[in-house]
Amino acid sequence: MGVTGGISEMPQVTEGPGTADSEALATLHRVFGYDAFRGEQQAIIEHVVAGGDAVVLMPTGGGKSLCYQIPALVRPGTGVVVSPLIALMQDQVDALRALGVRAGFMNSTQDFDERRVVEAEFLAGELDLLYLAPERLRLDATLDLLSRGKISVFAIDEAHCVSQWGHDFRPDYLSLSLLGERWPDVPRIALTATATHATHQEITQRLNLPTARHFVASFDRPNIQYRIVPKADPRKQLLTFLREEHAGDAGIVYCLSRNSVERTAEFLTANGIQAVPYHAGLDAATRAAHQSRFLREDGLVVVATIAFGMGIDKPDVRFVAHLDLPKSIEGYYQETGRAGRDGLPSTAWMAYGLNDVIQQRKLIQSGEGDEAFRRRAASHLDAMLALCETAQCRRGQLLAYFGQDPDAAGCGNCDTCLTPPETWDGTIAAQKVLSTVVRLQRERGQKFGAMQIVDILLGKRTGKVIQFDHDQLSVFGIGQDLTEGEWRGVVRQLLAQGLLAVEGEYGTLVLTEASGSVLRREREVPLRKEPKKPAASRSRSAGASGGDRKAKAAAAELPDALLPAFEALRAWRAEQAREQGVPAYVIFHDATLREIVTRWPGSVRELGTVGGVGEKKLVTYGEGVLEVLASLNGSAEASGEAPAPDDSPDDHWPEPSDEPEPDDWI
């Protein structure tokens with residue numbers, strides 16, 4: 001739990017005295033089961049506890065929720081969390097209640113009586129955290145309710161939703177500046193997992209946080225391996241990737257269209273992989289059922305449009321795959337960040353090809369919005385294309401986009417570091433493509449798409465080539481030194497470099513202002529060499545460089561002798577989750593189970609020192625965990641992998657009269 005990497009901060013106000021730092025740390029241990037904060041989580045929490053406003057940019061899985069949950073538990077009153085994730089509020093509240101936190105929510109899924117109960121709990125001071133959808137804060141009844149209670153902190157989650165230039169804009173977020181106006185003495189904390197400098201500024205301005213202290217964490221997720229492969233037969237490529245590297249793992253596959261989502265889910269299911277679709281065209285009940293299955297079942301794959309994923313707290317998502325090109329690096333980063341929230345090795349895999357570039361260019365040109373909007377969308381796409389086409393470290397390119405300094409030596413855990421691509425001087429090839437476009441337009445007054453250009457260069461006498469007499473052009477057949485796939489790669493990279501453009505409904509190719517410098521031989525055109533076949537699959541823990549990455553990868557691999565105990569605990573956890581109707585990770589994360597079997601606690605006291613085992617979970621689940629270990633202890637001792645339990649008299653379970661009541665823990 002905590003920030004991955006350090007946090008650089010831009011203080012804009014002086015922090016108040018950290019009088020509650022020991023209380024915050026005690027709460028972290030007592031409720032959440034951890035002994036120390038990471039990065040500068042503690043600095044954020046102390047600042048908010050002292051009454052200061054904060055803007056926090058921290059990657060998915062970095063521990064943002066602690067930054068408002070602990071202040072809500074330490075400060076008097078109820079913490080109000082503004083979240084757009086109505087479908088996930090129940091799961092978020094269930095997870096907090098499992099920790100002994102008094103949490104509730106109010107949204108449109110509840111009936112009148114359910115809302116009345118929550119309102120009464122809030123007014124009676126019986127809630128530590130109250131989750132609200134942003135649209136509820138536009139209702140006078142909600143504002144009146146909040147005015148009659150005691151509020152400890154306002155947390156605005158997914159704060160990037162306030163950005164009108166962003167990929168998840170929610171109009172209701174624009175009204176949230178009223179929180180500071182109406183409750184000037186209540187600290188506010190705005191949190192997001194992704195924001196460029198421009199979006200960061202927009203969050204600050206639109207939420208009216210001029211004196212907030214800013215905390216910007218490293219955007220590096222070293223446990224995620226980034227890979228982008230040339231698109232050939234994407235569904236078959238995806239199937240191979242899943243079978244070879246992620247058999248039985250939970251993951252998300254993103255597609256651009258609803259039709260593609262449906263067909264991909266059907267394809268995976270027909271080939272033995274449990275998969276369900278998720279998109280806005282499905283009815284609400286189906287979407288809710290598929291989301292619930294994903295959260296509660298092991299090894300399910302969700303194939304989705306970007307409508308799925310924000311706020312998903314499932315920690316053991318082992319891969320995120322893209323079968324279509326995302327529109328922006330912000331979107332790509334946030335979507336891939338849903339993998340590996342538990343810090344264990346995970347994969348961000350994408351198949352990318354020429355049609356992706358053409359399709360996205362067409363969408364920008366034909367989409368709604370003024371010229372300024374189209375320019376912004378095009379710049380986002382350009383950055384995404386640069387990430388796909390780079391011959392340098394992909395992680396470094398991601399970090400640089402968010403204004404952070406990459407490791408000059410590379411990350412050692414992306415495809416371009418693991419298998420550096422070859423580059424070549426593509427100037428002559430580029431001139432051939434551009435000359436073909438020029439000949440068609442100037443000599444014939446015609447414009448065509450990429451495939452016709454490639455057919456002309458290869459000297460193919462297709463029906464379309466013959467129909468338009470393109471076999472009579474001087475450029476016909478001058479490109480037989482490259483294969484069709486290589487020519488498609490050349491065209492794709494010329495589009496990515498802005499040396500070609502897409503025009504019109506049919507995606508025809510035209511020259512740009514930069515094309516002339518290539519035709520006049522004033523500019524060289526370096527290109528990535530197209531691989532003969534997709535890169536071979538690698539172990540999820542292979543290729544990491546640096547002690548930190550190696551340590552993370554090693555932590556994911558348990559000794560063979562401990563695997564039965566790990567699986568036994570997972571089976572026990574699944575049964576507990578089914579009985580309680582909650583996702584398995586609400587009971588314990590995989591990382592906690594791994595630590596349990598590695599340390600093999602033989603007593604209550606020892607189990608209580610495992611990360612992620614707070615007081616409530618120790619009382620609720622401790623006996624069950626120790627019983628599972630005891631049933632396996634003979635085989636584990638015989639293997640020499642686990643210590644025998646310590647039956648010292650001080651480690652007995654407390655008498656019932658000595659057990660603290662749940663309400664006493666907070």
Side-chain angles (χ1 to χ4, degrees), residues 325 353-366 371-372 374-392 397 423-460 464-465 468-530:
L325 183 70
L354 173 60
N355 286 341
D356 290 312
V357 186
I358 294 174
Q359 185 177 33
Q360 290 287 9
R361 294 286 193 206
K362 284 169 58 179
L363 287 173
I364 292 172
Q365 291 300 319
S366 61
E371 185 59 33
R374 282 194 288 272
R375 281 198 302 270
R376 181 67 65 95
S379 68
H380 285 169
L381 179 60
D382 288 343
M384 189 68 224
L385 293 174
L387 176 68
C388 292
E389 298 293 356
T390 185
Q392 308 303 315
Q397 190 114 347
T423 59
W424 60 293
D425 184 354
T427 307
I428 293 176
Q431 290 170 340
K432 290 179 179 180
V433 172
L434 299 178
S435 295
T436 303
V437 174
V438 170
R439 295 285 188 277
L440 287 170
Q441 189 167 350
R442 293 182 180 174
E443 297 178 11
R444 305 291 182 89
Q446 299 170 340
K447 298 177 183 177
F448 284 88
M451 285 314 302
Q452 185 74 352
I453 304 298
V454 171
D455 286 343
I456 292 170
L457 289 169
L458 290 173
K460 288 187 175 181
K464 198 171 182 179
V465 167
F468 291 99
D469 292 330
H470 289 168
D471 54 343
Q472 303 303 311
L473 292 170
S474 60
V475 292
F476 183 76
I478 66 170
Q480 297 184 34
D481 52 324
L482 299 179
T483 66
E484 179 177 327
E486 289 169 332
W487 277 119
R488 290 174 64 87
V490 171
V491 174
R492 188 191 71 233
Q493 293 183 68
L494 293 180
L495 284 164
Q497 293 185 32
L499 296 172
L500 273 177
V502 175
E503 183 179 86
E505 178 183 356
Y506 299 104
T508 56
L509 300 182
V510 296
L511 302 185
T512 68
E513 291 184 7
S515 303
S517 61
V518 177
L519 289 170
R520 293 191 298 270
R521 303 178 184 179
E522 297 171 356
R523 170 178 172 177
E524 293 185 351
V525 184
L527 299 175
R528 280 173 57 116
K529 186 169 288 186
E530 295 297 303

List the residues meeting side chain to side chain contact (heavy atoms under 4.5 Å, CB included) with [X], not counting sequence neighbours, and say none if there are none.
| X | answer |
| --- | --- |
| Q397 | A386, L387, T390 |
| A430 | L494, V518, V525 |
| L363 | L256, Q359, Q360 |
| E522 | S517, R520 |

Report task. Apply side chain to side chain contact (heavy atoms under 4.5 Å, CB included) to L440 and L509, showing your working. Result -> CA-CA 10 Å; L440 287 170; L509 300 182; over 6 Å; no
Salt bridge (charged side-chain N to carboxylate O under 4.0 Å, His left out) against [X], all qualifying residues, sequence neighbours excluded:
| X | result |
| --- | --- |
| K464 | none |
| R528 | none |
| D425 | none |
| K362 | none |

Requested in this report: Quick one: list whatever passes ring pair (Phe, Tyr, Trp, His ring centres under 6.0 Å) with F448, sequence neighbours left out.
Outcome: F468, H470
Query - Over 12 non-hydrogen atoms of neighbours within 6.0 angstrom of CD in Q392 - result: no
Query raised in the report: More than 12 non-hydrogen atoms from neighbouring residues, nucleotides or ligands closer than 6.0 Å to CD on E524, yes or no?
Result: no
For the student: nearest non-hydrogen atoms of [X] and [Y], plus distance:
| X | Y | value |
| --- | --- | --- |
| G498 | A514 | O-CB, 4.0 Å |
| G353 | R492 | C-CD, 3.7 Å |
| L354 | A450 | CD2-CB, 3.6 Å |
| A391 | T423 | CB-CG2, 3.9 Å |

Query - Pairs meeting criterion ring-ring contact (aromatic ring centres under 6.0 Å, His included) with involvement of residues 472-495, two or more places apart - result: none
Query raised in the report: salt bridge (Lys or Arg N to Asp or Glu O under 4.0 Å): which pairs involve residues 449-458, sequence neighbours left out?
Result: none
Query raised in the report: Pairs in or reaching into residues 509-518: which pass salt bridge (Lys or Arg N to Asp or Glu O under 4.0 Å), with residues at least two apart or in two chains?
Result: none
Quick check: do [X] and [Y] have side-chain heavy atoms less than 4.5 Å from each other?
| X | Y | answer |
| --- | --- | --- |
| R444 | D469 | yes |
| Q497 | L527 | yes |
| I478 | L457 | yes |
| L495 | L385 | no |
| K447 | V510 | yes |
| L381 | L325 | yes |
| I358 | V491 | no |
| V490 | K432 | no |

Query raised in the report: Between V502 and T508, does a side chain to side chain contact (heavy atoms under 4.5 Å, CB included) hold up when you go through it step by step?
Result: CA-CA 6 Å; V502 175; T508 56; over 6 Å; no
Query - Residue among T427, V433, L434 satisfying side-chain contact (heavy atoms from CB on, under 4.5 Å) with Q431 - result: T427
Query raised in the report: Between T512 (side chain) and A501 (backbone), is there a donor-acceptor pair under 3.5 Å?
Result: no
